[in-house]
Amino acid sequence: MTRVGETTTDMKRKLKCKRIQLLDDWSLRTKLYIMFIFCVLVPVVATNAVFYQSIKGQIEAKEQSRINEMQQRIRFNLRNSLDNSLYVSNFLYTDATLNRFMESKYNNQEDYYFAYYDMLSGNNLVRYYYSYQQVNQVTFYVDNDTFVNGGNFIKLNDDIRKSEWYQALMNTDDQMMIYSYFDKQQAEMSQNQGGRKVSIIRKLNYFGKQQVEKVLKVDLDYAFINKSFKNEGAGGKIYIVSNDRIIFSNDAQMNQARKPFHLMSAMAKDEGQSTELIPVVSEKWQIIVRGEKLDFLTEIVDSRFNLLLLIIVNLLVPTLLIWLISRSLVHRVGRIATHLDQVKQEKFEVIAEPAGKDEIGSLTHSYNMMVIKIRNLIEIVFKGQVERQALELSKKQAELKALQSQVNPHFMFNTLETIRMRSLIKDEHETSDIIQKLALLLRQTINWGNDLVTIQDEIRFVESYLVIQQYRFGEKLQFVIDVADADILEMKIPKLTVLTFVENACIHGIEGGLNDGVVEVRFQKYNDQLHMMIQDTGVGMEKDKLELIRTMLLDPSLERLSELSSIGVMNAYIRLRMYFDERVQVNIDSERYKGTTIRIQIPLVQASQG
């Protein structure tokens with residue numbers, strides 16, 4: 001509820017403050033991303049979408065218009081070819097002279113030939129037969145025993161009655177039909193025409209019931225008609241289909257005239273094809289056009305000036321400006337944040353790079369002033385106090401060592417041995433093994449009589465430690481210890497140096513992660529160096545921390561150990577340098593959430609001598 005006396009103006013002011021506070025909570029990078037998305041990306045995407053749809057509509061309309069024009073040409077050419085062939089068929093169908101010639105009986109071949117030549121001179125059969133390029137062959141099949149096979153006349157015998165086209169004519173109620181079929185015999189004999197035939201076939205019964213069965217077959221010139229469709233090949237595929245058979249096409253794979261017709265159902269479907277049905281004699285043929293999709297990019301290039309202008313105005317210029325501004329802001333703010341993180345580690349470094357004259361520049365100058373004053377304050381006020389604290393700390397450490405020297409380590413080992421024996425009695429072998437390995441580690445840690453041990457002993461310490469850690473973590477921790485050559489086991493290194501790196505990998509690498517991890521320890525000889533590698537698949541290190549450790553390795557000293565949160569790695573490195581005359585090399589590589597790899601190289605001669 002609103003408090004008494006609180007006005008509407010106050011409520012609006014509070015709501016506005018909440019909105020501003022929400023914006024203040026977002027990082028600079030997030031705000032810049034939001035600006036880029038809503039001020040650049042969304043407008044560009046919307047503009048390009050409109051532009052694309054406009055171009056796409058024009059292309060689709062152009063494609064459809066082209067297909068329609070192609071279908072009209074195909075329909076005209078096909079109708080013209082069929083009409084001419086039908087005209088020849090109809091003329092011969094109604095020719096009385098031709099009908100009398102086929103109905104007549106002849107005493108001998110001489111009478112037949114005289115009648116044949118009289119018939120040719122008395123009608124226009126030859127003129128109509130040769131005047132149309134679409135007609136390849138006109139054949140009359142006559143059931144007249146006095147006929148002689150030759151020219152355009154063939155006696156109708158049993159072989160013809162068994163043929164595919166004759167059976168199709170007899171099985172239909174139509175007096176005329178168009179039929180397409182493959183003549184295998186002609187395909188083998190003719191190299192040019194092939195075996196594909198498209199024929200107009202009809203019964204010659206125009207003059208009523210006759211004494212002689214007569215059939216007229218007009219074969220279309222398949223090669224000539226198909227060639228006209230090949231000329232339509234630009235921009236798409238054409239298929240003329242009859243009863244699922246592809247009769248004509250401009251597709252080279254479909255035009256193998258020496259092979260049977262291909263089936264349309266065997267081809268892959270195309271949702272974008274255009275289909276038109278046209279009546280052809282006794283059938284309905286399909287004109288199928290599959291247009292080739294036009295390249296949108298080609299059309300867009302035609303409008304490249306508009307496209308280039310849109311890209312420059314909507315994308316390039318805003319992106320460049322936002323990138324420059326974000327780089328200026330984020331880089332300087334990040335630089336201040338990095339130096340503030342160093343302040344947490346008691347490193348008071350002045351920002352030496354140019355600060356600028358805006359608000360971030362003022363903040364940088366203020367930070368530099370603060371750092372300088374803190375340095376002076378530490379130097380003048382706290383220096384004496386630090387010295388007194390150092391003396392007090394030395395005194396406490398001396399007292400602690402005196403107390404530690406009074407502890408009898410044998411009591412601790414005897415106690416661990418008693419626990420181990422009781423675990424064995426209770427068949428708790430896993431607990432017994434862990435206690436045994438723990439005792440081994442403690443004994444080596446306390447006993448510093450000889451700081452150099454063989455690599456074989458060091459491996460035993462490392463394996464004991466990893467087994468104990470595996471007892472803690474279970475299946476989360478896996479480890480591998482590999483020694484390339486047997487003589488490496490007798491070489492000597494400072495005790496617990498490798499164990500220190502392994503411990504660091506387990507605690508800071510594997511234990512800090514959520515996933516399972518692997519620790520690998522490998523020893524091998526390469527040239528004149530002994531290579532030791534400790535690698536883990538843990539959480540890795542931040543880039544700043546990795547650079548700090550690398551910097552410390554360049555100039556290691558006991559006085560600088562306080563700059564690290566974990567001194568084990570640096571302590572082990574200093575001990576290695578002391579034993580191997582500073583000829584040891586340690587390289588550390590780490591990537592956040594991918595793990596850390598430490599490579600140690602020492603001279604083989606010194607490692608063999610110990």
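All values derive from a computational prediction rather than experimental measurement. Below, each value reflects all heavy atoms present in this structure, side chains not excepted, and no hydrogens, waters or symmetry copies.
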Starting at CZ of Phe523, measure out to CG of Asp485 and round the result to the nearest 0.5 Å. 12.5 Å

Please name all residues satisfying ring pair (Phe, Tyr, Trp, His ring centres under 6.0 Å) with His262, sequence neighbours left out, ordered by chain then number. none

Rounded to the nearest 0.5 Å, the CG atom of Leu553 sits from the CZ atom of Arg577 at a distance of 9.0 Å

Residues which pass side chain to side chain donor-acceptor pair (under 3.5 Å) with Glu503, listed by chain and number, not counting sequence neighbours: none

State which residues pass salt bridge (Lys or Arg N to Asp or Glu O under 4.0 Å) with Glu547; sequence neighbours excluded, sorted by chain then number. Arg550

With side-chain contact (heavy atoms from CB on, under 4.5 Å) as the criterion, how do Met532 and Val498 come out once you've worked through the C-alpha distance, each side chain's angles and the decisive distance to 0.1 Å? CA-CA 8 Å; Met532 297 180 289; Val498 177; 4.0 Å; yes

How long is the span from the CD1 atom in Ile602 to the CD atom in Gln529, to the nearest 0.5 Å? 8.5 Å

Taking everything shown except Asp482 itself, do over 12 heavy atoms lie less than 6.0 Å from its CG? yes

One should read off an interatomic distance between Leu548 CG and Lys543 NZ, to the nearest 0.5 angstrom, of 14.5 Å

Taken in chain and number order and not counting sequence neighbours, the residues that satisfy side chain to side chain contact (heavy atoms under 4.5 Å, CB included) with Ser366 are none

Hey, could you give me the CG/CD1 distance between Leu530 and Ile493, rounded to the nearest 0.5 Å? 8.0 Å

Donor-acceptor pair, side chain of Arg592 and main chain of Gly540, under 3.5 angstrom: yes

Pair Lys495-Glu458, salt bridge (Lys or Arg N to Asp or Glu O under 4.0 Å): steps then yes or no: CA-CA 7 Å; Lys495 182 170 63 176; Glu458 184 70 9; over 6 Å; no

Check whether any side-chain heavy atom of Glu591 sits under 4.5 Å from a side-chain heavy atom of Leu546, and report yes or no. no

If we only count heavy atoms from C-beta on, is the Asp457 to Arg460 side-chain gap below 4.5 Å? yes

May I ask you to check whether over 12 heavy atoms, not counting those of Met370, lie within 6.0 Å of atom CE? yes

If the condition is side chain to side chain donor-acceptor pair (under 3.5 Å), which residues does Thr497 pass it with, not counting sequence neighbours? none

So do the side chains of Ile459 and Leu489 get within less than 4.5 Å of each other, counting heavy atoms only? yes

Is the closest side-chain heavy-atom distance between Ile488 and Gln456 below 4.5 Å? no

Could you tell me which residues satisfy side chain to side chain donor-acceptor pair (under 3.5 Å) with Ser590, sequence neighbours excluded, listed by chain and number? Thr596

Is there a side-chain contact between Val502 and Leu466 (heavy atoms, below 4.5 Å)? yes

Let me see the working for Met491 and Thr454 under side-chain contact (heavy atoms from CB on, under 4.5 Å), right down to the final yes or no. CA-CA 5 Å; Met491 298 181 184; Thr454 62; over 6 Å; no

Within the structure provided, determine whether Tyr239 and Lys237 are in side-chain contact (heavy-atom separation under 4.5 Å). yes

Side chain to side chain contact (heavy atoms under 4.5 Å, CB included) partners of Ile37, counting only residues at least two apart: Val42

Would you compute the distance between atom OH of Tyr465 and atom CG of Leu496 and round it to the nearest 0.5 angstrom? 11.5 Å

The criterion is salt bridge (Lys or Arg N to Asp or Glu O under 4.0 Å); which residues satisfy it with Lys259, sequence neighbours excluded? none

Within residues 516-527 or reaching into it, pairs that qualify as side chain to side chain donor-acceptor pair (under 3.5 Å) - sequence neighbours excluded: Asp487-Lys525, Glu520-Arg522

Of all the heavy-atom pairs spanning Ile510 and Val518, show the shortest one and how long it is. CD1-N, 3.9 Å

Name all residues meeting the salt bridge (Lys or Arg N to Asp or Glu O under 4.0 Å) criterion together with Asp544; count only those two or more places apart in sequence or in a different chain, and write none if there are none. none

Taking side chain to side chain donor-acceptor pair (under 3.5 Å) as the definition, give me every residue that meets it alongside Thr500, ordered by chain and number, with sequence neighbours left out. none

Quick one: are Val519 and Cys506 in side-chain contact, heavy atoms under 4.5 Å? yes

Quick one, Phe479 and Val467 - any side-chain contact, counting heavy atoms below 4.5 Å? yes

List the atom of Ala505, the atom of Asp536, and the distance in Å for their closest heavy-atom pair. CB-OD2, 3.5 Å

Taking all non-hydrogen atoms of both residues, which atom of Pro494 and which atom of Leu452 are closest, and how far apart? N-CD2, 3.6 Å

